[in-house]
Amino acid sequence: MKHVAEGMQDFYRRLTKDGYKPDDVKPALYQVERIVHMEQLRRHILNCMDCQLCENAKNRVPGTGNTGTPLMIVGEGPGEDEENWGLPLVGISGSLLTLILGKAGIRREQVYMTNVVKCRVTDEKGKNRTPMREETLECSKYLRRELELIKPRVVLALGKVALQFFFPDMKTMSQFRGNVYDYQGIKVVPTWHPSQVNIGSYNSCVIPKNKSRYLSGFFVVTPLQL
């Protein structure tokens with residue numbers, strides 16, 4: 001089977017030979033190559049058996065969305081709805097996230113959404129739990145590849161797991177939330193995961209006390225994309 005890079009070189013030669021301008025051919029082939037690599041990554045994730053999380057996972061959940069976006073949103077890991085439906089951030093928290101993005105003037109289809117961990121992580125009762133640091137290490141190779149392919153200008157990191165993928169030494173969200181940090185040339189804006197707003201009435205120790213402060217993290221990313 002022809003390697004992707006080999007195929008792109010062949011297509012470039014054939015298209016320029018047919019008289020198409022190199023300056024037009026290169027960006028077109030770049031888009032095609034990125035889409036092909038993204039599909040290969042998606043298939044790899046769907047068939048992954050690289051760690052213990054895969055053993056109990058009903059489905060793996062790769063990222064989805066606009067691969068040409070300047071904005072990537074990174075969550076922690078799929079919940080029950082995401083595992084059942086095979087898409088990231090589509091449960092109640094993802095619905096709230098979509099609502100908040102709309103308030104910030106960002107449509108969901110404009111961005112790319114993914115998680116640090118691609119399999120659902122549960123406790124002994126089968127309920128969602130936060131992935132531990134060691135559980136994210138193997139799976140984080142997929143997020144690194146997504147960053148390489150999409151090349152976002154801005155990443156909105158939802159929750160401590162996402163924050164610590166980029167900055168392992170940042171231990172608490174409250175100290176760093178809503179600020180802008182550099183990660184290999186990418187602007188990263190950490191904020192609380194929307195699930196922490198949803199569960200506020202049940203666990204007041206983690207809910208942001210002022211929801212307007214929570215929303216402000218989303219409004220930070222809007223000018224950064226431009």
Side-chain angles (χ1 to χ4, degrees), residues 1-51 54 59-75 77-78 82 85-90 94 98 101 104-119 136-158 162 165-167 180-189 221-226:
M1 183 170 60
K2 186 185 296 184
H3 190 273
V4 178
E6 181 185 351
M8 294 304 112
Q9 292 173 359
D10 180 43
F11 300 158
Y12 178 83
R13 178 185 57 78
R14 290 163 61 181
L15 288 169
T16 53
K17 184 177 180 181
D18 286 345
Y20 294 98
K21 296 179 180 179
D23 288 346
D24 294 330
V25 173
K26 288 179 181 178
L29 292 183
Y30 173 77
Q31 293 179 59
V32 172
E33 185 175 14
R34 180 174 59 194
I35 292 170
V36 172
H37 281 306
M38 289 298 301
E39 176 59 20
Q40 289 180 331
L41 179 62
R42 188 186 73 87
R43 293 181 185 184
H44 195 149
I45 292 170
L46 290 175
N47 292 287
C48 180
M49 291 296 295
D50 290 350
C51 75
C54 301
N59 290 307
R60 292 93 173 112
V61 183
T64 188
N66 180 2
T67 59
T69 182
L71 174 60
M72 179 186 288
I73 297 178
V74 179
E82 287 81 5
W85 299 335
L87 294 167
L89 295 162
V90 291
T98 304
L101 288 172
I106 302 170
R107 299 194 310 275
R108 185 181 177 110
E109 60 267 24
Q110 292 178 303
V111 306
Y112 184 87
M113 295 188 182
T114 191
N115 286 305
V116 177
V117 173
K118 310 305 185 189
C119 291
T136 69
L137 295 179
E138 182 68 37
C139 210
S140 61
K141 64 189 177 188
Y142 295 128
L143 178 52
R144 286 194 293 270
R145 182 60 173 152
E146 288 171 307
L147 291 166
E148 289 174 5
L149 292 172
I150 295 173
K151 295 180 173 60
R153 292 199 293 271
V154 182
V155 169
L156 186 64
L158 304 177
F165 166 85
F166 296 101
F167 309 106
V180 182
Y181 302 94
D182 180 80
Y183 175 82
Q184 299 180 6
I186 301 170
K187 295 180 176 67
V188 176
V189 181
V221 304
T222 305
L224 293 177
Q225 298 178 77
L226 303 176

Which residues pass the side chain to side chain donor-acceptor pair (under 3.5 Å) test with [X], not counting sequence neighbours?
| X | value |
| --- | --- |
| E138 | K141 |
| E109 | R107 |
| T64 | none |
| T136 | none |

Donor-acceptor under 3.5 Å ([X] side chain, [Y] main chain):
| X | Y | answer |
| --- | --- | --- |
| R60 | C48 | yes |
| E82 | P88 | no |
| T16 | P22 | no |

Please identify each residue that fulfils side-chain contact (heavy atoms from CB on, under 4.5 Å) with [X], with sequence neighbours left out.
| X | answer |
| --- | --- |
| F167 | L163, M170, Y181, Y183, V188 |
| Q9 | none |
| D24 | K21 |
| V4 | M8, E33, V36, H37, Q40 |

Shortest non-hydrogen contact between [X] and [Y], atoms and distance:
| X | Y | answer |
| --- | --- | --- |
| L87 | V90 | O-CG2, 3.4 Å |
| P27 | D23 | CD-O, 3.1 Å |
| N66 | Q110 | ND2-O, 3.3 Å |
| G75 | A162 | O-CB, 4.0 Å |

From [X] [atom1] over to [Y] [atom2], what is the distance, rounded to the nearest 0.5 angstrom?
| X | Y | atom1 | atom2 | value |
| --- | --- | --- | --- | --- |
| D182 | K187 | CG | NZ | 7.5 Å |
| I45 | E146 | CD1 | CD | 5.5 Å |
| R145 | M38 | CZ | CE | 9.0 Å |

Are the side chains of [X] and [Y] in touch, meaning some heavy atoms are under 4.5 Å apart?
| X | Y | result |
| --- | --- | --- |
| F165 | R144 | yes |
| L158 | M113 | no |
| P62 | L46 | yes |
| L147 | V74 | no |
| I73 | L101 | yes |

Hey, could you give me each pair passing ring-ring contact (aromatic ring centres under 6.0 Å, His included) that has a residue in residues 5-25? Not counting sequence neighbours.
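Every candidate ring-ring contact (aromatic ring centres under 6.0 Å, His included) pair involving residues 5-25 fails, so no pair, neighbours aside, qualifies.
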What residues, two or more places apart in sequence or in another chain, satisfy ring pair (Phe, Tyr, Trp, His ring centres under 6.0 Å) together with H44?
Y142
For R43, all residues meeting salt bridge (Lys or Arg N to Asp or Glu O under 4.0 Å), sequence neighbours excluded:
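Partners of R43 under the salt bridge (Lys or Arg N to Asp or Glu O under 4.0 Å) test: E39.
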Of L89, L143, I150, the residue whose pairing with T114 passes side-chain contact (heavy atoms from CB on, under 4.5 Å):
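That would be L143.
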